[in-house]
Engineer: 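Below you'll find the structure I mean.
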Amino acid sequence: MPLFFLSYARIPGDRRTGHDPDELVFDFHRQLCDRVAAHTGLDGAAVGFVERPGTAAEDSARALSRCRVFVPLYSKRYFTDPLCGRQWTAITGRTASPPAPRIVPVLWTPYPAASVPEAVHEPPAVPDGSGDAEEGYAAMGLHQLLDLEEGQARQVTEWLARRIVAVAPALSPPARLDAAALARLPDAFAAAPPRPPLRVTVLAPSQERLPIGREGSRYGPRALDWRPYGPVAGGPVAEQVAELARNLGFDPELLSFDKALVELRGTGTPAAPWLLIVDPWALQDSKVAAQAGEFDRARRPWTAVLTALPDDDPQTKEHSERLRGLVESTFPRYLREGRPGEQDAVRGLPTADAFAPWFAQLAESAYMRYLRYIQPQSSPPSTAQGRLPGGGTDRPGTDEGGAEASA
């Protein structure tokens with residue numbers, strides 16, 4: 001059982017480069033494990049847990065339920081991540097006997113004070129009397145120290161390791177949480193004032209309109225019941241993206257594909273930014289593919305496309321080349337004109353862990369493009385700059401039917 005559980009918000013990246021944008025998280029985890037092991041005599045490989053790409057959901061849930069110290073990496077992105085919010089609920093909702101895990105927050109990147117959810121009452125402390133390390137940590141956060149100031153980062157990591165050892169309860173809670181139960185927990189960070197609506201359209205078959213030979217366990221009576229990443233990833237994709245949208249401060253509006261086309265064909269001012277979530281199997285229907293192609297040809301600035309190609313679905317994996325070909329022939333403009341990471345989101349995201357951060361990133365960028373489109377004479381409103389312990393500020397960019405459609 002791990003002494004501590006490292007909780008962080010996954011950053012989407014370009015899979016083709018082979019570089020994981022969360023590598024600094026894993027480097028920090030290794031260093032923290034080494035220092036905690038040095039102070040406790042425990043095995044460094046088992047002293048702390050962090051969820052890596054490909055980690056089984058059951059392993060993560062078990063480690064979370066049995067850890068003695070919870071170590072969240074605070075950032076603006078962290079406070080909008082539903083999985084982090086559910087982990088927070090799991091930790092803070094435990095009973096006092098056996099002792100609940102202690103929380104040792106880390107200032108990962110500076111964030112505005114206004115972005116902190118009401119549920120969070122544990123500000124990150126700053127090491128006392130550490131000179132430049134103290135000032136650098138408070139101003140830049142540990143992410144940038146690891147990248148730029150290795151010596152200062154080592155001092156902060158050593159201080160965090162000592163804090164973890166000092167506050168760890170004598171007894172560790174028994175395992176009592178599985179992946180399905182974690183997925184059902186409420187998101188502690190979800191309460192936020194809504195911004196304008198975010199429209200989402202799900203383009204997927206219903207069970208009655210599946211392509212010939214397609215296995216139906218991930219589908220339901222409606223397109224909105226589609227579960228691309230299986231039951232362990234949580235509820236239907238429509239519910240998951242609605243939760244993600246609310247976490248980002250949007251008021252999600254699930255809209256049918258037919259209604260989406262009406263607006264795309266018009267010349268009026270758009271009502272909201274728009275994301276299209278696509279099951280490539282739906283594109284085998286020529287009528288659906290033609291409608292989706294119209295979405296691509298229009299390619300309004302305030303729209304984005306995400307496709308799911310789950311690598312835990314044997315049938316999808318077997319036909320991935322053909323399905324990817326359908327996607328590429330249907331959305332050539334999004335692939336040609338999008339940035340490399342956005343192109344990956346169109347080609348097909350393999351896991352729920354990849355899907356969630358890309359949905360969040362594309363929702364934000366579609367929203368900003370929407371503001372620029374409807375307010376061409378003025379720039380989008382800037383994010384409020386909030387002061388942090390020690391004087392840090394939030395700095396943008398440091399965070400790291402055949403097919404019925406609705407949202």
Side-chain angles (χ1 to χ4, degrees), residues 5-13 20-26 28-29 49-53 55 57 60-61 63-64 70-93 103 105-120 122 124 141-143 177 179 182-195 198 200 229 232-235 237 239-250 252 275 306 341 345 349 351-365 367 383 394 396-400:
F5 182 101
L6 193 67
S7 174
Y8 71 103
R10 190 73 53 84
I11 299 176
D20 191 327
D22 291 311
E23 189 57 44
L24 278 179
V25 172
F26 308 137
F28 169 57
H29 173 258
F49 180 91
V50 66
E51 183 176 300
R52 299 173 181 270
T55 299
S60 296
L64 180 66
F70 183 69
V71 183
L73 304 187
Y74 282 4
S75 67
K76 184 178 179 181
R77 185 185 296 273
Y78 187 85
F79 297 132
T80 63
D81 189 298
L83 175 58
C84 298
R86 287 192 289 270
Q87 290 174 350
W88 191 274
T89 299
I91 292 297
T92 59
I103 298 176
V106 175
L107 176 57
W108 190 240
T109 62
Y111 53 86
S115 70
V116 181
E118 291 184 6
V120 176
E122 294 78 6
L142 187 56
H143 181 279
L177 185 70
L182 178 61
R184 290 193 298 268
L185 288 177
D187 174 4
F189 303 158
R195 282 189 283 181
L198 176 69
V200 181
Y229 302 108
V232 174
V237 68
E239 294 180 4
Q240 294 183 45
V241 298
E243 180 183 29
L244 281 163
R246 283 189 289 269
N247 254 31
L248 293 166
F250 294 108
L275 270 66
L306 292 91
L349 298 168
T351 65
D353 284 344
F355 182 91
W358 266 119
F359 176 89
Q361 184 149 313
L362 291 180
E364 291 281 7
S365 61
Y367 172 63
T383 303
D394 175 50
T398 55
D399 261 349
E400 357 82 290

Engineer: Grab the two heavy atoms, one from P117 and one from A188, that are nearest each other, plus how far apart they are.
Structural biologist: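 The pair with the smallest heavy-atom distance is CB-O, 4.5 Å.
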
Engineer: For the atom pair CG (L142) and CG (L24), what is the distance rounded to the nearest 0.5 Å?
Structural biologist: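 If I round to the nearest 0.5 Å, the distance is 9.0 Å.
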
Engineer: Can you name the residues that form a side chain to side chain contact (heavy atoms under 4.5 Å, CB included) with P252, not counting sequence neighbours?
Structural biologist: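 Result, side chain to side chain contact (heavy atoms under 4.5 Å, CB included) vs P252: A242, A245, R246.
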
Engineer: Could you list the residues that satisfy side-chain hydrogen bond (donor to acceptor under 3.5 Å, both in side chains) with S60, not counting sequence neighbours?
Structural biologist: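 Testing S60 for side-chain hydrogen bond (donor to acceptor under 3.5 Å, both in side chains), a comparison that skips the adjacent residues, returns E51.
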
Engineer: With sequence neighbours excluded, tell me which residues meet ring pair (Phe, Tyr, Trp, His ring centres under 6.0 Å) with F5.
Structural biologist: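 Residues passing ring pair (Phe, Tyr, Trp, His ring centres under 6.0 Å) with F5: F49.
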
Engineer: Ignoring hydrogens, what is the shortest heavy-atom contact between G235 and Q240? Give both atom names and the distance.
Structural biologist: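 Nearest pair, atom of G235 first, then Q240: O-NE2, 2.5 Å.
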
Engineer: P53: which residues meet the side chain to side chain contact (heavy atoms under 4.5 Å, CB included) condition with it, sequence neighbours left out?
Structural biologist: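 Partners of P53 under the side chain to side chain contact (heavy atoms under 4.5 Å, CB included) test: R10, D20, F26.
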
Engineer: I need the L64 CG to L177 CG distance, nearest 0.5 Å.
Structural biologist: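 L64 atom CG to L177 atom CG measures 6.0 Å (nearest 0.5 Å).
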
Engineer: Got a second to check how far L83's CG is from W88's CH2, nearest 0.5 Å?
Structural biologist: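 Those atoms lie 14.0 Å apart.
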
Engineer: Is it true that a side-chain atom of T89 and a backbone atom of P186 form a donor plus acceptor pair closer than 3.5 Å?
Structural biologist: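 Between the backbone of P186 and the side chain of T89 there is a qualifying donor-acceptor contact (under 3.5 Å).
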
Engineer: Kindly write out the residues that satisfy side chain to side chain contact (heavy atoms under 4.5 Å, CB included) with L73, not counting sequence neighbours, or none if the list is empty.
Structural biologist: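 Side chain to side chain contact (heavy atoms under 4.5 Å, CB included) check on L73 returns L6, Y8, V25, F28, V106, W108.
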
Engineer: Rounded to the nearest 0.5 Å, what's the gap from OG1 on T92 to CD on E122? Could you check?
Structural biologist: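 T92 atom OG1 to E122 atom CD measures 8.0 Å (nearest 0.5 Å).
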
Engineer: If the condition is salt bridge (Lys or Arg N to Asp or Glu O under 4.0 Å), which residues does E23 pass it with, not counting sequence neighbours?
Structural biologist: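 With neighbours one apart ignored, the set is R30.
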
Engineer: Mind checking side-chain hydrogen bond (donor to acceptor under 3.5 Å, both in side chains) for S7 and listing every partner two or more places apart, or none if nothing turns up?
Structural biologist: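 Scan of S7 (side-chain hydrogen bond (donor to acceptor under 3.5 Å, both in side chains), adjacent residues dropped) gives Y78, Q87.
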
Engineer: Using every non-hydrogen atom in the two residues, find where G85 and D187 come nearest and quote the distance to one decimal.
Structural biologist: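 Smallest interatomic distance, heavy atoms only, reads CA-OD1, 3.0 Å.
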
Engineer: Please identify each residue that fulfils ring pair (Phe, Tyr, Trp, His ring centres under 6.0 Å) with F79, with sequence neighbours left out.
Structural biologist: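 Per chain and number, F79 pairs via ring pair (Phe, Tyr, Trp, His ring centres under 6.0 Å) with Y74, Y111, F189.
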
Engineer: Exactly one of L244, L275, V241, L248 should register a side chain to side chain contact (heavy atoms under 4.5 Å, CB included) with L198. Which one does?
Structural biologist: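 The passing option is L275.
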
